[in-house]
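The structure appears below as structure tokens.
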Amino acid sequence: MGGRLGTTRPARSPLPKGLSGRLFLLFTLVGSLVFLSQGRAEAIPAFANGQGLSCTACHTTFPGMTPYGMMTMMSNFQDLDYRKQRQAFPLALRVQVETLLANKSHPASTVAQTLSILGGGFIGPHVTWYGEQPIVDSGFPGVTEQMWLSWNDLFHGSNSIQVGKFHTPFPFMPAHGWTLGNYLLATQTTGQNTFNPNDARWGTAFSGMTRNWMYNASWLTGSGPIGTALDYNPQAGPRTLDFNLTYGGMVRPWAIGAVAMKGTAPLFGAGGAYVAGDAFTRQGLYYSYQTRSWFVQTMYYIGQDARPDLNVGATPFHGAMLEIERDFGWRNHVLVRYDVASSDTLNRQYILDDAYNFLPNLKVTGELGLQPGAHPSIAFAFDWAGPFQQGKRYLWNPPVGARLVSIHSAPGGSGMAGMPGMAGMPGMAGMPGMAGMHGMSGMHGAQIAAGEHLVAANGCSGCHGATFGGGVGPALVGIEHRLAPAQIANFIAHPRAPMPNFGFTKPQIAEIVAYLSSLDGGGNGMTPIITTTPVAGRDDVIVSVRFPMTIPKTASIATSMSMGGGTTHGSTAVLHKTSNPHVWTARIHFDMAGPWTLRLNYDGKHLTQTIEIGDSR
């Protein structure tokens with residue numbers, strides 16, 4: 001193990017003497033100019049720009065992830081709005097410069113840790129791509145970090161097949177840790193076996209998710225440059241089968257994950273000739289708990305190498321870590337971590353990091369690192385990614401080039417016309433129940449229009465469905481019949497994971513509430529109104545349906561739950577009239593917690609609505 005705090009350094013040719021110092025001055029100048037010339041940045045990098053979101057929607061402090069960001073990344077970005085992304089400028093830049101202060105063990109140093117070009121987007125509605133090419137990596141010429149294609153939406157669900165070079169699938173993504181020191185259990189190697197989950201690797205993966213599960217199966221090869229992408233010779237480097245399964249973390253604040261790996265690594269003799277292979281295994285258990293203010297994660301990781309080096313017998317592998325992060329809004333983040341890794345060597349570290357964001361995409365990080373028998377190590381890093389501007393999107397038209405527009409004026413950037421199937425609709429009057437809606441003029445109408453802009457600009461349809469009928473997130477159509485305005489406002493101001501906190505002001509929240517309450521015509525709607533009342537202590541719900549106009553002859557409620565690409569059908573209940581002939585009720589029992597769809601059937605018609613059962617948070 002080489003480098004500071006377990007950070008491995010690749011065996012590559014260093015940059016020419018003096019270039020690192022000149023790069024530091026250049027990066028500092030560029031970052032200062034960007035800082036002085038822009039207002040608060042709204043996005044990093046290409047995907048956030050494409051969606052018109054703040055980078056804080058996906059990141060705590062970049063590259064650390066929020067639950068929404070992790071869900072987006074693990075889905076290979078397929079939950080994003082294809083129409084918006086295909087218009088966006090697809091490239092971005094990330095810069096990180098790190099300074100290590102001198103102590104009795106080493107002199108002071110400044111190095112360009114990262115100067116990378118990042119890009120991503122869609123090739124048609126069902127294929128996403130991503131690339132990350134470091135120009136400089138840890139002070140050395142960069143090797144392609146990621147370059148992949150993903151075929152998405154397979155088997156009528158969020159399943160995908162990914163091919164290329166991508167981060168090693170793992171219960172947590174070490175590459176998205178924001179501390180300056182690496183995770184030891186993710187960088188520890190044994191003998192000549194160079195496999196570790198901190199590296200991105202060439203390979204292919206099948207992955208998917210439901211509201212509660214994430215799963216992945218992958219075949220991984222080497223981590224070298226693009227010239228080795230198609231080299232599947234097991235004598236060239238480690239070859240690994242990798243399986244991951246995680247429950248929770250999206251609609252729940254906690255997650256439990258497991259990983260199992262099996263592979264071989266080549267052993268070479270003194271002359272560099274292949275001699276034999278090392279069969280190895282790795283297994284791990286992971287747990288995390290994340291809220292808007294706290295993030296706790298821990299992992300236990302073990303394994304075995306049958307022959308990690310020539311003349312070396314079976315060697316066990318052990319690793320563990322415990323990490324606690326406190327987020328003080330989007331600006332300040334404090335983290336402490338203890339981790340240990342043991343194979344043919346033993347490594348331990350305690351670290352304390354503090355990151356301060358001047359802007360969501362501009363920050364400085366300080367780290368204090370402690371290792372047994374070593375002097376304390378102090379380092380600082382400057383990070384910037386972008387460029388982006390508040391309320392703006394960089395659009396890309398190849399004949400014309402890049403142009404900067406408002407998120408409200410960008411095609412597909414706001415309004416219902418940007419949603420699937422909504423192009424050409426004559427404004428809000430074309431929506432169900434809107435034709436006869438009154439009170440759309442004056443201040444209330446202005447509120448609804450402003451709310452529509454905010455909802456569209458922040459990509460809410462990506463989770464709640466193109467017409468807000470529900471998706472990963474619950475249905476928003478008819479929400480005013482299920483919740484009071486103050487309750488809707490509270491959900492927006494204090495969202496549950498994986499919904500990010502967009503930081504809306506109180507007037508903006510009022511505008512969003514007005515818009516959401518208008519989606520089905522509000523109180524003037526002509527369709528039946530479904531409301532639900534939980535039964536205390538049980539997974540039972542009293543369903544009430546109000547028929548505003550014609551009273552039906554018969555009515556019933558059928559329940560179902562989407563499970564990946566399939567559907568689980570629950571009970572069906574017949575609705576009965578109450579003393580008010582326009583109101584019908586039934587009691588329904590649910591076998592499990594989770595998102596259920598209610599289908600109201602009445603006189604040959606039907607209406608659906610999604611509810612959440614058993615979520616006590």
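Numbers here are sequence positions counted from 1.
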Handout entry: Smallest separation among heavy atoms of Thr168 and Pro197, with atom names
Key = CB-O, 3.6 Å
Handout entry: side chain to side chain contact (heavy atoms under 4.5 Å, CB included) partners of Pro174, counting only residues at least two apart
Key = Phe170, Phe172, Tyr183, Ala186, Asn198
Handout entry: Test side-chain hydrogen bond (donor to acceptor under 3.5 Å, both in side chains) applied to Thr246 - qualifying residues, sequence neighbours left out
Key = none
Handout entry: Non-hydrogen atoms of Asn152 and Ser160 that approach each other most closely
Key = OD1-CB, 3.1 Å
Exercise for the section: Could you tell me whether the side chain of Thr72 and the main chain of Phe77 form a donor-acceptor pair under 3.5 Å? Expected result: no
Exercise for the section: With sequence neighbours excluded, tell me which residues meet ring pair (Phe, Tyr, Trp, His ring centres under 6.0 Å) with His176. Expected result: His167
Handout entry: Thr532 side-chain N/O to Val543 backbone N/O, donor-acceptor pair under 3.5 Å
Key = no
Exercise for the section: To the nearest 0.5 angstrom, please state how far the CD1 atom of Ile123 sits from the CG atom of Leu149. Expected result: 5.0 Å
Handout entry: Test ring-ring contact (aromatic ring centres under 6.0 Å, His included) applied to Trp254 and Tyr247, step by step
Key = CA-CA 8 Å; Trp254 52 266; Tyr247 180 80; 5.7 Å; yes
Fill in the blank from the handout: Across all chains, not counting sequence neighbours, the salt bridge (charged side-chain N to carboxylate O under 4.0 Å, His left out) partners of Glu145 are none
Exercise for the section: First locate atom OH of Tyr215, then atom CG of Leu245, and finally report the distance between them rounded to the nearest 0.5 Å. Expected result: 10.0 Å
Handout entry: Residue list, side chain to side chain contact (heavy atoms under 4.5 Å, CB included) with Ser75, at least two apart or on another chain
Key = Gln78, Asp79, Met209
Fill in the blank from the handout: Between the CG atom in Leu118 and the CD atom in Gln133, the distance rounded to the nearest 0.5 Å is 10.0 Å
Completion exercise
Residue set satisfying salt bridge (charged side-chain N to carboxylate O under 4.0 Å, His left out) with Arg94, at least two apart, ordered chain then number -> Asp383
Exercise for the section: Could you tell me whether a side-chain N or O of Thr128 sits under 3.5 Å from a main-chain N or O of Asn76, the two making a donor and an acceptor? Expected result: yes
Exercise for the section: Check ring pair (Phe, Tyr, Trp, His ring centres under 6.0 Å) between Tyr300 and all other residues, then give those that pass, not counting sequence neighbours. Expected result: none
Practice task
Give a yes or no answer on whether the side chain of Thr221 reaches the backbone of Trp202 with a donor-acceptor pair at less than 3.5 Å.
Solution key: yes
Problem - Side chain Lys165, main chain Gly224, donor-acceptor under 3.5 Å - result: yes
Handout entry: Donor-acceptor contact present, side-chain Thr559 to main-chain Ser571, <3.5 Å
Key = yes
Practice task
For Ile117, look at atom CD1 and say whether over 12 heavy atoms of other residues, nucleotides or ligands are found less than 6.0 Å away.
Solution key: no
Problem - Counterpart residues, side-chain hydrogen bond (donor to acceptor under 3.5 Å, both in side chains), relative to Asp153 (two or more places apart) - result: His126
Fill in the blank from the handout: Nearest heavy-atom contact between Asn193 and Arg282 is ND2-NH2, 3.9 Å
Practice task
Give the C-alpha distance, both sets of side-chain angles, the deciding distance and a yes or no for side chain to side chain contact (heavy atoms under 4.5 Å, CB included) between His59 and Trp178.
Solution key: CA-CA 10 Å; His59 297 279; Trp178 58 267; over 6 Å; no
Fill in the blank from the handout: Those residues at least two apart in sequence (or on a different chain) that pass side chain to side chain contact (heavy atoms under 4.5 Å, CB included) with Phe243 are Ala217, Leu241
Fill in the blank from the handout: Looking only at heavy atoms, the pair that brings Leu575 and Trp584 closest together is O-CE3, 3.4 Å
Completion exercise
What one should report as the nearest heavy-atom pair of Pro63 and Met65 is O-SD, 3.3 Å
Practice task
Check step by step if side chain to side chain contact (heavy atoms under 4.5 Å, CB included) holds for Val455 and Phe468.
Solution key: CA-CA 11 Å; Val455 167; Phe468 301 108; 3.5 Å; yes
Handout entry: Thr189 backbone acceptor or donor facing Asn196 side chain under 3.5 Å
Key = no
Completion exercise
Residue set satisfying side chain to side chain contact (heavy atoms under 4.5 Å, CB included) with Pro234, at least two apart, ordered chain then number -> Arg239
Practice task
Indicate, with yes or no, if the rings of Tyr301 and Tyr286 have centres closer together than 6.0 Å.
Solution key: no
Handout entry: Short side-chain to backbone donor-acceptor contact, Asn361 and Ala385, under 3.5 Å
Key = yes
Problem - Counterpart residues, side-chain hydrogen bond (donor to acceptor under 3.5 Å, both in side chains), relative to Asp278 (two or more places apart) - result: none
Exercise for the section: Over all heavy atoms of both residues, which pair between Pro90 and Trp129 is shortest? Give the atoms and the distance, please. Expected result: CB-CZ2, 4.1 Å
Exercise for the section: Starting at OG1 of Thr572, measure out to CG of Asn601 and round the result to the nearest 0.5 Å. Expected result: 8.0 Å
Practice task
Show your reasoning for whether side chain to side chain contact (heavy atoms under 4.5 Å, CB included) applies to Phe195 and Met261.
Solution key: CA-CA 11 Å; Phe195 177 84; Met261 303 178 181; 3.5 Å; yes
Completion exercise
Hits for side-chain hydrogen bond (donor to acceptor under 3.5 Å, both in side chains) against Thr281, two or more places apart or cross-chain, chain-then-number order -> Gln283
Completion exercise
To the nearest 0.5 Å, atom OG of Ser116 lies from atom CG of Leu93 at 8.0 Å
Handout entry: Check against side chain to side chain contact (heavy atoms under 4.5 Å, CB included), Glu323 and Met321
Key = CA-CA 7 Å; Glu323 181 176 88; Met321 71 88 178; 4.2 Å; yes
Exercise for the section: For His606 and Leu600, indicate whether the former's side chain and the latter's backbone hold a donor-acceptor pair under 3.5 Å. Expected result: no
Exercise for the section: Give me the one residue out of Arg201, Gln146, Met147 that meets side chain to side chain contact (heavy atoms under 4.5 Å, CB included) with Phe166. Expected result: Gln146
Exercise for the section: First locate atom OG1 of Thr61, then atom CG of Asp327, and finally report the distance between them rounded to the nearest 0.5 Å. Expected result: 8.5 Å
